[in-house]
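A, B, ... follow the sequence lines: proteins, then strands. Residue 1 opens every chain.
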Amino acid sequence: MFVGVAPCTSLFRYFFVLVKSRKTRDHIGAYFFQTRPDPAIVYIPTFGAARWENWCSDWVIASTEANDHLVLPSNGPALDRKQWRTKPSLSLEFLPVLDKIKVLVAGGLTSMHVVGDLLKRRIMPLQRRPRLCCWFTGLNDIGRIQRGPGTDLSWDELELLVGGLLGRLLSLSP
Amino acid sequence: MASLGHPDCFQSEGALNLVRGLLGWSAPELARRIHAGVAPLGDLAVGEFVLFTSYISCGLALPISPFFLLLLEEFGL
């Protein structure tokens, strides 16, 4: 949305690595993506750890159609663990993208602004949609989860949702 | 999952409407798919799953993007 390029796995893996969460007696275990711990890589600052504190009491029950990705996996990733952190070599055509991200970071963009913007525009991250976010056209954009007048979140709702998702108060001023 | 406690949030209709609104599931036939959790363990009907609100921000409310599926495939998840 802010950078304006189509999603690409090599670019994603340049910035993120797969991590296995610590497994306790009561937890089955989980994997998540984390910003690559490399000071040479400049990326949009992410959220603090506080957002996870209340995750156990922050849930609802949803009914959906069957989907393979909702089946609890019994095994870990098929990819060898050493390859989780392998940094891909990006071709020269990605240099303007990396430069753009550096400019945005220097300008004060944080993950909170990204989440706030997605919620305000009613665009769900990582959800299938026909167009890139950077081509957003407004209230009737085909990528919105709800379209038309009256479907924008009020400021109070936006504040509450961002606070609930990120564990901090909404402030969209960089 | 065994340690999953009683939820503190999203117990009132007003709070559930926030989740429905976030998903874009405000129409009555979709809205009823989201309900407060009471005792999830061993009490989920077929097709029901527990949805943590942070999952919503990751797009795990269906349909999932082809890019995310590609990413999962790349790691063999």
Query raised in the report: Are there more than 12 heavy atoms of other residues, nucleotides or ligands under 6.0 Å from atom CZ of A:R85?
Result: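 Count not over threshold, so no.
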Requested in this report: Specify the closest pair of heavy atoms between A:R13 and A:L79, including all atoms of both residues, with the distance to one decimal.
Outcome: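 Looks like NH2-CD2, 4.1 Å.
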**Report entry** Minimum-distance pair of heavy atoms, taken over all atoms of A:A62 and B:I34
**Finding:**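 Heavy atoms only, the tightest pair is CB-CD1, 3.6 Å.
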Report task. Evaluate the ring planes of A:F12 and A:F33, with Trp represented by its six-membered ring, and classify them as parallel (under 30°), tilted (30 to 60°) or perpendicular (over 60°). Result ->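 Ring orientation, 0 to 90° scale: perpendicular.
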**Report entry** Interface moiety of B:L30 toward chain A, non-hydrogen atoms closer than 4.5 Å
**Finding:**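 Contact with chain A: none, neither part.
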Query raised in the report: Which bit of B:F67 comes within less than 4.5 Å of chain A, counting heavy atoms only: side chain, backbone, both or neither?
Result: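 Looking at B:F67, just its side chain touches chain A.
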Requested in this report: Tell me, out of A:A6, A:S63, A:A78, who's got the most heavy-atom pairs with chain B below 4.5 Å.
Outcome: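 Most heavy-atom pairs within the cutoff with chain B belong to A:S63.
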Requested in this report: Could you list the residues that satisfy salt bridge (Lys or Arg N to Asp or Glu O under 4.0 Å) with A:E157, not counting sequence neighbours?
Outcome: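 Partners of A:E157 under the salt bridge (Lys or Arg N to Asp or Glu O under 4.0 Å) test: none.
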**Report entry** Any residue meeting salt bridge (Lys or Arg N to Asp or Glu O under 4.0 Å) with A:D99, in chain and number order, not counting sequence neighbours
**Finding:**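 Not a single residue meets the salt bridge (Lys or Arg N to Asp or Glu O under 4.0 Å) criterion with A:D99.
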Requested in this report: Return the set of residues passing side-chain hydrogen bond (donor to acceptor under 3.5 Å, both in side chains) with A:T151 (not counting sequence neighbours), or none when no residue passes.
Outcome: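 Counting only residues at least two positions away or on another chain, A:T151 forms a side-chain hydrogen bond (donor to acceptor under 3.5 Å, both in side chains) with A:R144.
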Query raised in the report: Residue by residue, which of residues 34-42 of chain A have a heavy atom closer than 4.5 Å to a heavy atom belonging to chain B?
Result: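 None at all.
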